[in-house]
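Data first, discussion second: the structure below is written as structure tokens.
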Amino acid sequence: MIKVADLNIPVIEDFDINGRKVLLRIDINSPVDRKTGKLLDDSRIKAHAETIRELLDKQNSVVIISHQGRPGDDDFISLEEHSKILSKYVGREIEFVDDVIGPYAREKISKLGKGEAILLENVRIVSEELIEAPPQQQSKTFLVRKLAPLVDFYINDAFATAHRSQPSLVGFPLVKPSAAGRIMEKEVSALSKIFNKEDSPKIFVLGGSKVSDTLKIIEHLAKNRVADRILTGGLVAELFAVAKGINLGKPNMQVLENKGLLSLIPRARKILLSGAPIEIPVDFTVEKPSGELSNDPENNVSGIIKDIGNTTIEIYSSFIKEGKVITLRGPMGVIEDERFRIGTKSLLKASIESPGYVIIGGGHMISMLDKDVEINPNKIHVSTGGGALLLFLAGDKLPALEALHMSWVMQSGKS
Ligand SMILES: Nc1ncnc2c1ncn2[C@@H]1O[C@H](COP(=O)(O)OP(=O)(O)O)[C@@H](O)[C@H]1O
Ligand SMILES: O=C(OP(=O)(O)O)[C@H](O)COP(=O)(O)O
């Protein structure tokens, strides 16, 4: 059992999970190369191998579920390639099953032998999975009703999706004995220890493309006075720049419009007006229509913004040097293209070389870490989470953890 604020989170040791059938929710959502559709990074897949191996060593039959991307996005792809990589890291074959709740998947689950594992297809092909609702409601979804009767236990190892109140995360704990997996356990234990409210200044480097999520994170960080400085990059920065009244030019406004982000401008403006400690880039690396690159000031951009600019890198790096705790999530630029990795890599370098403690999260950000450099755990925590990590640090109760707590209350009769 681990205690997280006032939640009791059951762990694997709290049950006799040997030779049983286990439904294991992991998060192997990974960056995808838009051109080839292949995975660009396997850090999350590698991380989850530990829990799977342990369950298989204990002769459990392991049914693995995960998501990848969101419907409509380029990275909403099958988990077939993931199963091959997972098999490599676990050291055992993990068969990919091209189904989630249909008769084929259910037969595969029923016939699964001891010490065997299967990976079901991307759980987000089941449309219910995209709807967020309270655990009670999610426990009545088809996903839960079809799969729960076939397993003995539910284990949630998906820390990176713990901020979503989706059926695969919060529905099962209400109907099955449930526990946190090893990644979930390690993340919440480590982060609870590392992140002290008193440590200051706390610097947050927030970029990427999940702008609505990031606005929510910033609102929570600001409300709970957790951040001393928020350095923005990626599409998050572009939205704040526009909200501040900076003219980024028609093509960039078009990018924001195409991504459905313009409606978020009033919300970003409200955050700025509330006095949240937001920093916006003073220059950008842009790609001109000719394909040429240029480093332009924020109010005179001559192409599509692809990364933060050189002066911004310098300014942000100097803030980072002063930080006691630096948390980075979401890249500064379009890192799928090697030419636009400079901003992200430079800020990662500045953080790692700074005297502060560094927390690195989010699939895209961790993919930029140099795989050959050893990570010193006394200096750096590499989290599998992005949004979940930030909301956890902001002091939010993550729905997946709350559901595990509810499960424990139901099992033990305690509160
Ligand atoms: N200026 C930009 N314009 C368009 N996309 C961007 C920009 N900067 C970053 N991105 C995109 O953000 C995506 C990653 O964001 P996100 O999913 O929020 O990060 P993470 O997975 O680390 O949480 C990448 O696909 C990257 O191309
Ligand atoms: O990659 C994830 O989140 P992150 O980008 O915040 O790290 C998780 O897999 C959650 O995915 P979602 O934000 O589509 O629910």
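Ligands are counted one by one from 1 in listed order, and the atoms in each one are counted from 1 as well. Along the sequence shown, the residues carry numbers beginning at 1. These numbers come from a predicted model, not from an experiment.
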Exercise for the section: Have a look at Asp73, Val32, Leu235 and point out the one with the heavy atom closest to atom 3 (N) of ligand 1. Expected result: Leu235

Practice task
Return yes when Gly386 approaches ligand 1 closer than 4.0 angstrom through a heavy atom, no otherwise.
Solution key: no

Problem - For Gly362, atoms of ligand 1 separated by under 4.0 Å from a heavy atom - result: 22 (O), 23 (O)

Handout entry: Numbered atoms and elements of ligand 1 in range of Gly330, under 4.0 angstrom, heavy atoms
Key = 19 (O), 22 (O)

Exercise for the section: Considering only non-hydrogen protein atoms, determine which one is nearest to atom 10 (N) of ligand 1 and report residue, atom name and distance to 0.1 Å. Expected result: Gly333 O, 3.8 Å

Problem - Thr312 and Asp283 side chains, donor-acceptor separation under 3.5 Å - result: yes

Completion exercise
Across all chains, not counting sequence neighbours, the side-chain contact (heavy atoms from CB on, under 4.5 Å) partners of Arg164 are Arg70, Glu132, Thr161, Gln166, Leu169, Asp213

Exercise for the section: Answer yes or no: does an N/O atom from Glu238 fall short of 3.5 Å to an N/O atom of ligand 1? Expected result: yes

Problem - Pair Ser78, Glu121: side-chain N/O donor-acceptor within cut-off below 3.5 Å - result: yes

Problem - Side-chain donor-acceptor contact under 3.5 Å, His82 with Gln68 - result: yes

Fill in the blank from the handout: Within 4.0 Å of some non-hydrogen atom of Met365, the atoms of ligand 1 are 22 (O)

Completion exercise
Exactly one candidate in Glu187, His48, Lys186 meets side-chain hydrogen bond (donor to acceptor under 3.5 Å, both in side chains) with Thr384; the answer is Glu187

Practice task
Considering only NZ, NE, NH1 and NH2 on the basic side and carboxylate oxygens on the acidic side, decide whether Glu322 and Arg229 come within less than 4.0 Å.
Solution key: no

Exercise for the section: Identify, for atom 7 (C) of ligand 1, the protein heavy atom at the shortest distance, and state residue, atom and that distance. Expected result: Val334 CG2, 3.7 Å

Practice task
Identify the protein heavy atom lying closest to atom 15 (O) of ligand 1, giving its residue, its atom name and the separation to 0.1 Å.
Solution key: Ser209 N, 3.0 Å

Handout entry: Element-labelled atoms of ligand 1 that are located less than 4.0 Å from some non-hydrogen atom of Gly208
Key = 12 (O), 15 (O), 18 (O)

I'd like a table of donor-acceptor pairs (distance under 3.5 Å, sequence neighbours excluded) in which one partner is a side-chain atom from residues 264-271, with atom names and distances.
from: Arg267; atom 1: NE; to: Glu219; atom 2: OE2; distance (Å): 2.7
from: Arg267; atom 1: NH2; to: Glu219; atom 2: OE1; distance (Å): 3.2
from: Arg269; atom 1: NE; to: Ala243; atom 2: O; distance (Å): 3.1

Exercise for the section: Give the residue and atom name of whichever protein heavy atom lies nearest to atom 26 (C) of ligand 1, and the separation in Å to one decimal. Expected result: Glu336 OE1, 3.5 Å

Practice task
Flag Lys259 as yes when one of its N or O atoms lies below 3.5 Å from any N or O atom of ligand 1, and as no otherwise.
Solution key: no

Practice task
Write out all pairs satisfying salt bridge (charged side-chain N to carboxylate O under 4.0 Å, His left out) with one or both partners inside residues 233-243, taking only residues at least two apart or from two chains.
Solution key: none

Handout entry: Gln254 side chain to Asn258 side chain, donor-acceptor N/O pair below 3.5 angstrom
Key = yes

Handout entry: Whether Arg34 lies under 4.0 Å from ligand 1, heavy atom
Key = yes

Practice task
Would you kindly say whether Tyr357 and Asp199 are connected by a side-chain donor-acceptor distance under 3.5 Å?
Solution key: no

Handout entry: Flag for Lys3-Asn8: side-chain donor and acceptor within less than 3.5 Å
Key = yes

Practice task
Would you tell me which option among Arg329, His364, Met332 has the nearest heavy-atom contact to atom 23 (O) of ligand 1?
Solution key: Arg329

Completion exercise
Counting only non-hydrogen atoms and a 4.0 Å cut-off, the residues near ligand 2 are Asp27, Asn29, Arg44, His67, Arg70, Arg124, Ala160, Thr161, Arg164, Lys210, Arg329, Gly362, Gly363, Gly386, Gly387

Practice task
Report yes if some N/O of Asp307 lies less than 3.5 Å from some N/O of ligand 1; otherwise report no.
Solution key: no

Handout entry: Donor-acceptor pair between Ser168 and Glu129 side chains, under 3.5 angstrom
Key = yes

Exercise for the section: Search all heavy atoms of Ser139 against all heavy atoms of Leu174 and return the closest pair with its distance. Expected result: CB-CB, 4.0 Å

